[in-house]
Amino acid sequence: MKIQFFSAKPYDKTFFASHNEAYGFELDFLETHLGPHIVNAVDDGTFAVCAFVNDKLTAEVIAALAAKGVKVIALRCAGFNNVDLDAAKQYGIRVCRVPAYSPEAVAEHAMAMLLTLNRKTHKAYNRVREQNFSLNGLLGFNLHGKTVGVIGTGKIGKAFCRIALGFGCKVVAYDLFEDEELKLLGVGYTSFENVLRQADILSLHCPLTPDNKYLIGKETLAIMKPGISIINTSRGGLIHTGDVIEALKTGHIAYLGIDVYEQEEKLFFKDLSGSIIEDDTIQRLMSFPNVLVTGHQAFFTQEALSQIAEITLHSVQQLSDGIEPDAAVMLV
Ligand code: NAD
């Protein structure tokens, strides 16, 4: 039984091949993104297609997969904004995902971004290697006592809240559903606007949906305190990049850390060193000394990759055996 992988990287092969020893699927790894241009590369009779965040599973692609007899789309990620779920339902293709794989991996990266920006460890690293031990320009601020606003307190947001509480921050949060355990730990739930109003630091941990595109834009930025720090490890489309650039220029945003970017599919997960980057927006963003961009690496820990491989293969095995996987895993 064959699983064809798209956007496959060497580390995907390593972790999936290792976990597949217990399953025995035929694994075929393709480096290219999945999209209308390449869907013909899927072999007839392939049981499952395994896709990642920047693969485009549009209605057109899904129709082509169905024609080739594909039964399962297995997303080796949590987010699924890149899949037309209605089309999958229409063509009778089951869609599974990995709802949780070490939420701590992403939460810890969000905090690492904040600490890098604030304490300028990236600058200190380079400076000391040049035998420059001056502290000028490295001034930071204490996180202890600051108000951290968290949008979305699901698995990752919850892990982030715990970390922020551990640093001695006051944590205020907005989610459609309040987490009782977090409330007991001292997290204060309030409205979205109140979180924006109170936060010294804002971290986004909600999914991207049609309702919350550009959640952070001109209007919402105006509510925030001048000097706000914003961290986005969730999805690029939550932020209106043009508006954020304007707020960086005026100093309204003091620090911005993004692990995700709206136009990331042309850039992220690729080694483009030596190439001309045509995307002027990301170039502008990267030109700010107070902006840190990482290439969708928040999930990238050994623990997370191991869980992604195991959960994905287990779900595909269950579907091939006619066993219904956990509801949290199944999208369609
Ligand atoms: P989750 O489903 O456990 O939690 C999401 C939370 O957001 C839920 O509690 C939900 O009620 C809440 N929510 C939904 N819409 C909201 C809104 N408009 N405003 C406020 N809250 C809202 O998901 P998770 O595992 O915590 O992941 C969160 C997001 O992180 C994913 O959707 C994905 O986009 C992103 N992610 C990024 C990486 C990375 O490597 N950068 C890795 C995994 C996930």
Side-chain angles (χ1 to χ4, degrees), residues 7 9 11-12 51-55 75-83 85 96-114 149-164 171-183 187 189-196 199 202-217 220 230-239 257-262 264-265 267-269 292-308 311-312 326-331:
S7 307
K9 299 292 177 196
Y11 45 83
D12 293 315
F52 195 51
V53 289
N54 292 325
D55 292 313
L75 298 171
R76 55 182 191 281
C77 53
F80 50 89
N81 52 294
N82 54 334
V83 186
L85 295 180
C96 62
R97 64 169 179 153
V98 186
Y101 47 88
S102 187
E104 290 76 17
V106 181
E108 288 173 15
H109 187 80
M111 183 50 90
M113 294 191 94
L114 178 59
V150 178
I151 306 300
T153 54
K155 291 173 286 295
I156 295 170
K158 187 169 182 173
F160 185 80
C161 286
R162 287 177 190 274
I163 294 171
V171 180
V172 289
Y174 169 70
D175 195 306
L176 314 174
F177 307 97
E178 299 186 357
D179 184 291
E180 294 305 319
E181 203 183 334
L182 282 182
K183 282 203 230 172
V187 171
Y189 279 95
T190 183
S191 67
F192 176 61
E193 285 74 17
N194 273 340
V195 172
L196 300 190
L202 186 71
S203 197
L204 304 181
H205 297 291
C206 59
L208 175 66
T209 66
D211 299 334
N212 66 10
K213 192 167 184 206
Y214 300 147
L215 195 65
I216 305 305
T220 45
I230 301 177
I231 306 292
N232 185 12
T233 55
S234 214
R235 282 293 178 267
L238 291 172
I239 283 184
I258 53 168
D259 185 51
V260 286
Y261 170 60
E262 195 176 7
E264 70 179 49
E265 72 268 15
L267 303 166
F268 287 8
F269 309 115
L292 175 65
V293 181
T294 53
H296 210 133
Q297 77 172 80
F299 74 100
F300 198 56
T301 65
Q302 293 178 9
E303 292 79 0
L305 289 190
S306 190
Q307 286 174 26
I308 287 169
I311 293 168
T312 303
D326 282 352
V329 167
M330 295 310 301
L331 295 167

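Side chains are part of it too, since the values below use all heavy atoms of this structure and drop only hydrogens, waters and symmetry mates. Order of listing sets the numbers, starting from 1, for every ligand and every atom in it. The structure displayed is predicted, hence computed values, not measured ones.
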* Asked: Any N or O on Q297 sitting closer than 3.5 Å to an N or O of ligand 1?
  -> no

* Mind checking salt bridge (Lys or Arg N to Asp or Glu O under 4.0 Å) for K213 and listing every partner two or more places apart, or none if nothing turns up? => E262

* **Residue portion contacting ligand 1 (non-hydrogen atoms closer than 4.0 Å) for V106** => side chain

* **Nearest neighbour of atom 8 (C) of ligand 1 from the list L238, D175, T294, on a heavy-atom basis** => D175

* To do: Report the part of N212 in contact with ligand 1, treating N, CA, C, O as backbone and CB onward as side chain, heavy atoms under 4.0 Å; options are side chain, backbone, both, neither.
  => side chain

* Looking at side-chain heavy atoms only, is the closest gap between V187 and K158 below 4.5 Å? -> no

* Considering only heavy atoms of A298, which atoms of ligand 1 have at least one such atom less than 4.0 Å away? -> 39 (C), 40 (O), 41 (N)

* atom 4 (O) of ligand 1 [closest protein heavy-atom partner, distance rounded to 0.1 Å] -> G154 CA, 3.1 Å

* Does the N or O separation between T209 and ligand 1 drop below 3.5 Å for any pair? -> no

* Structure fact -> Looking only at protein heavy atoms, what sits closest to atom 26 (O) of ligand 1 is I156 N, 2.8 Å

* To do: With the side chain counted from C-beta on, respond yes when V293 and F268 share a heavy-atom pair under 4.5 Å apart, and no when they do not.
  => yes

* To do: Measure the distance from atom 30 (O) of ligand 1 to every protein heavy atom, then report the residue, atom name and distance (to 0.1 Å) of the closest one.
  => S234 OG, 3.4 Å

* Structure fact -> shortest atom 33 (C) of ligand 1-to-protein heavy-atom contact is with R235 NH1, 3.7 Å

* When only distance counts, is T153 in polar contact with ligand 1, meaning an N/O pair under 3.5 Å? -> no

* To do: Would you check the N or O atoms of C206, main chain and side chain alike, for any that come under 3.5 Å of an N or O of ligand 1?
  => no

* For ligand 1, does Y101 get within less than 4.0 Å through its side chain, its backbone, both, or neither, judged by non-hydrogen atoms? -> side chain

* To do: Could you check atom 3 (O) of ligand 1 against the protein and tell me its nearest heavy-atom contact, residue, atom and distance included?
  => K155 NZ, 2.7 Å

* For F299 and ligand 1, does the shortest N/O to N/O distance drop below 3.5 Å? -> yes

* **Side chain to side chain, F52 and D12, heavy atoms closer than 4.5 Å** => no

* What residue and atom, counting heavy atoms only, is the protein's closest point to atom 19 (N) of ligand 1, and at what distance? -> Y174 CE2, 3.4 Å

* Structure fact -> min-distance protein heavy atom vs atom 14 (C) of ligand 1 -> P207 CD, 3.4 Å

* Identity and separation of the nearest protein heavy atom to atom 15 (N) of ligand 1 -> L176 CD1, 3.8 Å

